[in-house]
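Computed from a prediction, not measured in an experiment: that's the story for all the values here.
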Amino acid sequence: MNLFDEPVSLLGTKLVRAFAKQLESMPEDCRLPQSSFDIWSAPLAETNASESQMEVLGTWYAKHHKTCPSLPYIRHAAITLVSVGALPDHRIASRIESDALAILKTAELLGMSADDCANALILAGTLAHLSTYRRRHPNVDRAYLRMEIEGIARTCDYVADEILDEIQQNKGDLRALREYLFDLPSAGTENTQAQD
């Protein structure tokens, strides 16, 4: 048994090894640590992927990512590969990334500059996050909440370069943001600051 008392799957372990072997060209901190193999084995076995499909997935991951893989993401990609028969020639956007696309496209329609939008979204996210705790868990220490918000920001920063690289290259699920994030002038920040 592993840390989470999940049963270790022999087939799953083979799948994890097939995937992890393809990450050997990545920097060591971006590879799947061997200590994760047991934890990953059963969830990957449940995807019905073959060893050869996990090799394809590993090669695809190493080509399109610069960060250490997460189990939910790899499980989703494996299910996509099994059901569709192929992976896209770019990262697969998560639900949160797709939500970010929708929010940024809405900000563009509202005429907000990307600079102003960034500040507004950070504040909006903080307000939404803290209000959830005020409603449901009012006694949680504010210092803990601050650390949690900082952790969310670090997690977003962790994958941002991968996403922005694809957007700049006009590929990937969020490529529709290229004009808004890179081609439009950043006017608006100065006006907003002058009004404050």
Heavy-atom closest contact ([X] atom, [Y] atom, distance):
X	Y	value
Ser25	Ala62	OG-CB, 4.5 Å
Lys105	Glu108	NZ-OE1, 2.8 Å
Ala93	Leu174	CB-CD1, 3.6 Å
Met112	Ala120	CE-CB, 3.9 Å
Thr106	Ala102	OG1-O, 2.8 Å
Tyr180	Ser113	OH-O, 3.3 Å

[atom1]-[atom2] distance between [X] and [Y], expressed to the nearest 0.5 angstrom:
X	Y	atom1	atom2	result
Glu150	Thr155	CD	OG1	12.0 Å
Tyr73	Thr67	OH	OG1	8.5 Å
Arg178	Gln168	CZ	CD	7.5 Å
Ile74	Trp40	CD1	CH2	5.0 Å
Leu57	Thr47	CG	OG1	8.5 Å
Met54	Thr59	CE	OG1	11.0 Å

Linking I/L/V/M/F/W/Y whenever their side-chain heavy atoms sit closer than 4.5 Å, directly or via other members, would [X] and [Y] fall into one cluster?
X	Y	result
Ile122	Met147	no
Leu71	Leu15	yes
Ile149	Leu123	no
Leu44	Val82	no
Phe182	Leu104	yes

Can you establish whether the number of heavy atoms outside [X] located under 6.0 Å from its atom [atom1] is more than 12?
X	atom1	answer
Arg135	CZ	yes
Lys171	NZ	yes
Ile96	CD1	no
Arg95	CZ	no

Whether [X] side chain and [Y] backbone form a donor-acceptor pair below 3.5 Å:
X	Y	value
His65	Tyr61	yes
Glu148	Leu145	no
Arg31	Cys68	no

Practice problem: For the pair His64 and Trp60, name the ring-plane relationship: parallel under 30°, tilted 30 to 60°, perpendicular over 60°. | Solution: tilted

Measuring only between side-chain heavy atoms, which start at C-beta, is [X] closer than 4.5 Å to [Y]?
X	Y	value
Leu101	Asp173	no
Val56	Gln22	no
Tyr133	Tyr144	yes
Leu23	Met26	yes

Quiz item: Hey, is Arg17 close enough to Glu51 for a salt bridge, meaning N to O under 4.0 Å?
Solution: no

Quiz prompt | N-O pairing of Arg91 and Glu162 below 4.0 Å | solution = yes

Quiz prompt | Verdict with reasoning, Thr132 to His129, per side-chain contact (heavy atoms from CB on, under 4.5 Å) | solution = CA-CA 5 Å; Thr132 299; His129 191 72; 5.9 Å; no

